[in-house]
Amino acid sequence: MKEAIVVGVDGSPSTVAAIEWAADDAARTGLPLHVVFAVDRSPHEIPRFPNPILEDALSRGAVRVLEEAEKAATARQPAITVVTKQIEGRPADVLRHAAADAAELVVGTRGMGGFAGAVVGSVSSHVAGHVPGPVVVVRHLPGPRTGEIVVGVDDSPAAQPALAYAFEQARSRHCAVRAVRAWLEPVHAYAPGVVYDLEEISTAQHAVVAGVLDPWRERYPEIKVIEDVRLGHPVAALVDASAGADLLVVGSHGRGAFASALMGSVSRAVLHHAECAVAVVRPGTPVEEAGDHVR
């Protein structure tokens with residue numbers, strides 16, 4: 001059983017969005033919320049024990065940020081338990097350590113302080129690739145619910161943890177799952193003398209999605225599942241689908257139709273352009289544990 005939901009804060013404006021998202025998930029799951037602030041002295045080459053004035057200023061800043069974060073979380077969800085933690089170290093290292101036993105790690109998209117580098121562009125490589133669980137990147141304050149979770153689908157084992165997380169989120173939110181698979185035309189589709197039946201390829205793509213989703217339909221019969229198979233680039237498909245979603249879920253790598261989408265480059269593009277929060281789920285996250293935190 002995962003022990004908590006962890007949110008990284010740094011005092012930047014995007015912190016508020018991350019806190020509210022994490023507080024809502026803590027309320028849905030019944031788990032405590034751990035608010036983590038990384039005291040990172042490395043950008044200024046401040047020694048571990050600088051003069052008392054600098055040390056005191058850093059400590060006061062951390063305490064202030066954590067107090068404000070706790071207030072924001074309890075204002076959003078008064079019934080949740082909030083624990084604040086001030087941890088010495090580089091943000092990515094602090095996040096990985098804090099999230100080791102967490103149900104999920106929640107971060108904002110950009111920051112002015114400790115988490116600036118950790119959550120812009122390098123989430124997959126510095127956090128998601130090393131955290132055995134979902135990393136949720138929140139761009140905006142939670143808006144009106146759309147009632148839909150979008151998940152990128154391929155036929156690789158790496159897609160299974162993402163599907164597990166998406167279905168658990170859908171169950172806790174009482175909403176639908178939209179499974180998106182994008183496929184590109186063969187490179188030589190219109191070359192002279194080369195014949196491809198695009199309709200046949202499309203049918204095969206639909207069959208792949210149906211086969212991947214069938215076990216999840218059986219496990220979650222109460223959840224409406226929408227198969228969304230598109231001709232186009234994975235980034236465009238995922239970003240477009242995100243416009244009508246409460247959450248977009250992707251794996252951190254895969255093969256097949258989402259080969260590049262689930263390996264770094266497209267994941268980063270999705271993080272920058274998605275219209276909703278994005279959950280990146282690392283391959284190797286135990287599928288059977290993905291629902292442990294939903295009660």
Side-chain angles (χ1 to χ4, degrees), residues 2 5 18 21-22 24-25 28-29 99 102-107 109 123-124 127-129 131-140 142 145-182 209 212-213 215-217 219-220 223-228 230 234-235 237-254 256-258 261-264 266-287 289-291 293-294:
K2 297 296 188 178
I5 289 173
W21 171 274
D24 287 349
D25 250 12
R28 277 189 289 267
T29 61
E104 69 186 19
L105 169 66
V106 184
V107 291
T109 53
V123 172
S124 295
V127 180
V131 174
V135 176
V136 181
V137 182
V138 184
R139 296 188 63 192
H140 312 292
R145 288 188 55 198
T146 67
E148 191 169 284
I149 303 295
V150 172
V151 58
V153 177
D154 71 2
D155 55 350
S156 74
Q160 296 303 309
L163 284 163
Y165 181 76
F167 273 85
E168 283 297 339
Q169 281 283 324
R171 181 166 70 176
S172 72
R173 296 164 179 267
H174 306 288
C175 67
V177 169
R178 177 178 295 273
V180 176
R181 179 179 175 92
V209 172
V212 171
L213 293 176
W216 297 100
R217 284 192 172 100
R219 187 172 177 180
Y220 298 89
I223 293 176
K224 178 183 178 181
V225 180
I226 304 163
E227 295 181 18
D228 189 341
R230 309 184 184 197
V235 171
L238 290 169
V239 170
D240 181 65
S242 75
D246 293 320
L247 175 68
L248 168 61
V249 184
V250 294
S252 59
H253 73 70
F258 274 89
L262 304 183
M263 289 175 64
V266 175
S267 291
R268 286 191 293 271
V270 167
L271 288 173
H272 282 287
H273 299 291
E275 297 294 326
C276 63
V278 179
V280 180
V281 185
R282 170 190 170 186
T285 300
V287 173
E289 292 183 7
H293 63 282
V294 178

Where do [X] and [Y] come nearest, in terms of heavy atoms and distance?
X	Y	answer
Ala159	Asp154	CB-OD1, 3.1 Å
Val239	Ala274	CG2-N, 4.3 Å
Ala237	Val180	CB-CG1, 4.0 Å
Val153	Ala179	CG2-CB, 3.5 Å
Ala18	Val106	O-CG1, 3.5 Å
Cys276	Ala245	CB-O, 3.4 Å

Any side-chain heavy atom of [X] sitting closer than 4.5 Å to one from [Y]?
X	Y	value
Val249	Phe167	no
Trp21	Ile5	no
Pro134	Val280	no
Val281	Val250	no
Lys224	Val177	no
Asp25	Val136	no
Val107	Val138	no
Glu168	Tyr165	no

Give a yes or no on whether the backbone of Glu275 and the side-chain of Ser242 come within a donor-acceptor separation of less than 3.5 Å.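 Here the side-chain-to-backbone pair exists.
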Identify whether the distance between the nearest side-chain nitrogen and carboxylate oxygen of Glu148 and Arg173 falls below 4.0 Å.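 The answer is no: the pair does not qualify as a salt bridge.
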Apply side chain to side chain contact (heavy atoms under 4.5 Å, CB included) to Glu104 and Val135, showing your working. CA-CA 6 Å; Glu104 69 186 19; Val135 176; over 6 Å; no
So, taking the atom named [atom1] in [X] and the one named [atom2] in [Y], what distance separates them when rounded to the nearest 0.5 Å?
X	Y	atom1	atom2	value
Arg145	Leu247	CZ	CG	12.0 Å
Asp24	Ser172	CG	OG	10.5 Å
Leu238	Asp228	CG	CG	9.5 Å
Tyr220	Leu213	OH	CG	13.0 Å

Does a donor on one side chain sit under 3.5 Å from an acceptor on the other, for Asp246 and Gln169?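 There is no such pair (donor and acceptor under 3.5 Å, judged by atom type) between the side chains of Asp246 and Gln169.
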